[in-house]
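Residue numbers begin at 1 in each chain, while the letters A, B, ... track the order of the sequences.
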Protein chains: 2
Amino acid sequence: MNRGSGGEVPVDLPRNYLRPCLLLLLAEGTSHGYELLEQISALGLDRVDPGGLYRCLRAMDQEGLVRSAWEPSTSGPARRIYELTDEGRGWLHVSAGSLAQVARSLAKYRRRYQRVAEQSVPVR
Amino acid sequence: MNRGSGGEVPVDLPRNYLRPCLLLLLAEGTSHGYELLEQISALGLDRVDPGGLYRCLRAMDQEGLVRSAWEPSTSGPARRIYELTDEGRGWLHVSAGSLAQVARSLAKYRRRYQRVAEQSVPVR
DNA sequence: CGTCGTAGGTGCACGATACACATAGCCCAC
DNA sequence: GTGGGCTATGTGTATCGTGCACCTACGACG
């Protein structure tokens, strides 16, 4: 629902989807922001805003979901590497359950949508 | 999310989920705000804010996705009944496709989550 | 030198959401 | 007939997530 032309409808992922995605990637192994930025597109997020990603990581750091440390690099700027904490792992489980609930809701929507779609767009 | 206590993780439905839900309900038949408010919980939305719902309906009215008319009532206050337009029906189809894409993304997340969950929470 | 790729970050504005509150009509009980 | 409850539709406002633009810094390469 972008202004004006009734054209493209963006994919409208769940709110806060970035957080569980980052937690999941960090559950697979420690990493740093730039790398996560590249990996995250594999989860359906597309054109992730780097600023938002770094902000999200720092927020989770302050909340204790992740731990961070600077890692100097010989070739290029230093990286801040992130590691999942136990609390973050707990949060990951909870939000995975929450996302499963969202998926159930979407399935319910789909079933109901298909009923009305059959009538307005009959099989050919 | 809620600052401080890593407590409740709300279900975080897709952004703008209200719109496609209302369009779907209206595709099943004309209705008015109050009734939609009661029906919408069946789609997974829970504790929907009435104000937001009415605002959403009026916005869709202005955008031409729905048509509205006042219907006087013998028992109780008048209702504004909403009817889906052709444009709204088109929007419904598009957003249903978009939601399907979200569902695919969530499925991808789930598969990947289960891989890491198997390791940290082994089967018992 | 400039510029490209890596890496991390801020500022700001907009839109969706959440929460509180307002209004008005009808009906029933007291 | 007054007060409260249900139906029905809204407004006002704060908050928060998101998107876009922009900035800094380091190393390497030509």
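- At distances below 3.5 Å, at least one donor-acceptor pair connects side-chain atoms of B:Ser95 with backbone N or O atoms of B:Trp91.
- If you take OH of B:Tyr34 and P of C:dC26, they are 17 Å apart, rounded to a whole angstrom.
- Whole-Å rounding puts the B:Leu37 CG to D:dT9 P distance at 10 Å.
- The A:Ser75 side chain lies nearest to D:dA28 when the options are D:dC26, D:dT9, D:dA28.
- For the pair B:Arg19 CZ and C:dT17 P, the computed distance is 10 Å after rounding to whole Å.
- The side chain of A:Asp49 has D:dC20 as its nearest neighbour among C:dG9, D:dC20, C:dC19.
- Ring pair B:Tyr17/A:Tyr109 is tilted by interplanar angle, where 30° to 60° counts as tilted.
- A salt bridge links A:Glu28 to B:Arg112: at least one charged side-chain nitrogen sits closer than 4.0 Å to a carboxylate oxygen.
- Map B:Glu35 and A:Pro77 each onto its nearest nucleotide of DNA chain D; the residue landing nearer the 5' end is B:Glu35.
- Among the nucleotides C:dT17, D:dG10, C:dA7, the one closest to any side-chain atom of A:His32 is C:dA7.
- OP1 or OP2 of D:dT9 sits under 4.0 Å from a side-chain N or O of B:Tyr54.
- Within the structure, a side-chain polar atom (N or O) of B:Arg58 is placed less than 4.0 Å from OP1 or OP2 of D:dT11.
- For C:dA16, the OP1/OP2 oxygens have no side-chain nitrogen or oxygen of B:Arg15 closer than 4.0 Å.
- Checking the phosphate oxygens (OP1, OP2) of C:dC19, no side-chain nitrogen or oxygen of B:Arg47 falls inside 4.0 Å.
- Salt-bridge formation is detected for the pair A:Arg19/A:Glu63: a Lys NZ or Arg NE/NH1/NH2 atom is positioned less than 4.0 Å from an Asp or Glu carboxylate oxygen.
- Atom CG of A:Leu57 and atom P of C:dG9 are 9 Å apart (whole Å).
- The distance from atom CG of B:Asp46 to atom C1' of C:dT17 is 15 Å, rounded to the nearest whole Å.
- At whole-Å resolution of the value, CD in A:Glu38 and P in C:dG8 are 11 Å apart.
- Contacts of A:Ser73 with the nucleic acid, taken as non-hydrogen atoms under 4.0 Å apart, are absent.
- Sequence order on DNA chain C of the closest nucleotides to A:Gly51 and A:Arg79 puts A:Arg79 first from the 5' end.
- The nearest whole Å value for the distance from the CH2 atom in B:Trp70 to the P atom in C:dG25 is 12 Å.
- Residue-to-nucleotide contacts include a donor-acceptor pair under 3.5 Å from the side chain of A:Arg55 to the base of D:dG19.
- In terms of modelled atom types and a separation under 3.5 Å, the side chain of B:Thr85 and the main chain of B:Arg67 share no donor-acceptor contact.
- Between the CG atom of B:Asp61 and the C1' atom of D:dT9 there is a distance of 14 Å, rounded to whole Å.
- Residue A:Gly33 is classed as a sugar-phosphate contact, given heavy-atom separations below 4.0 Å to backbone atoms only.
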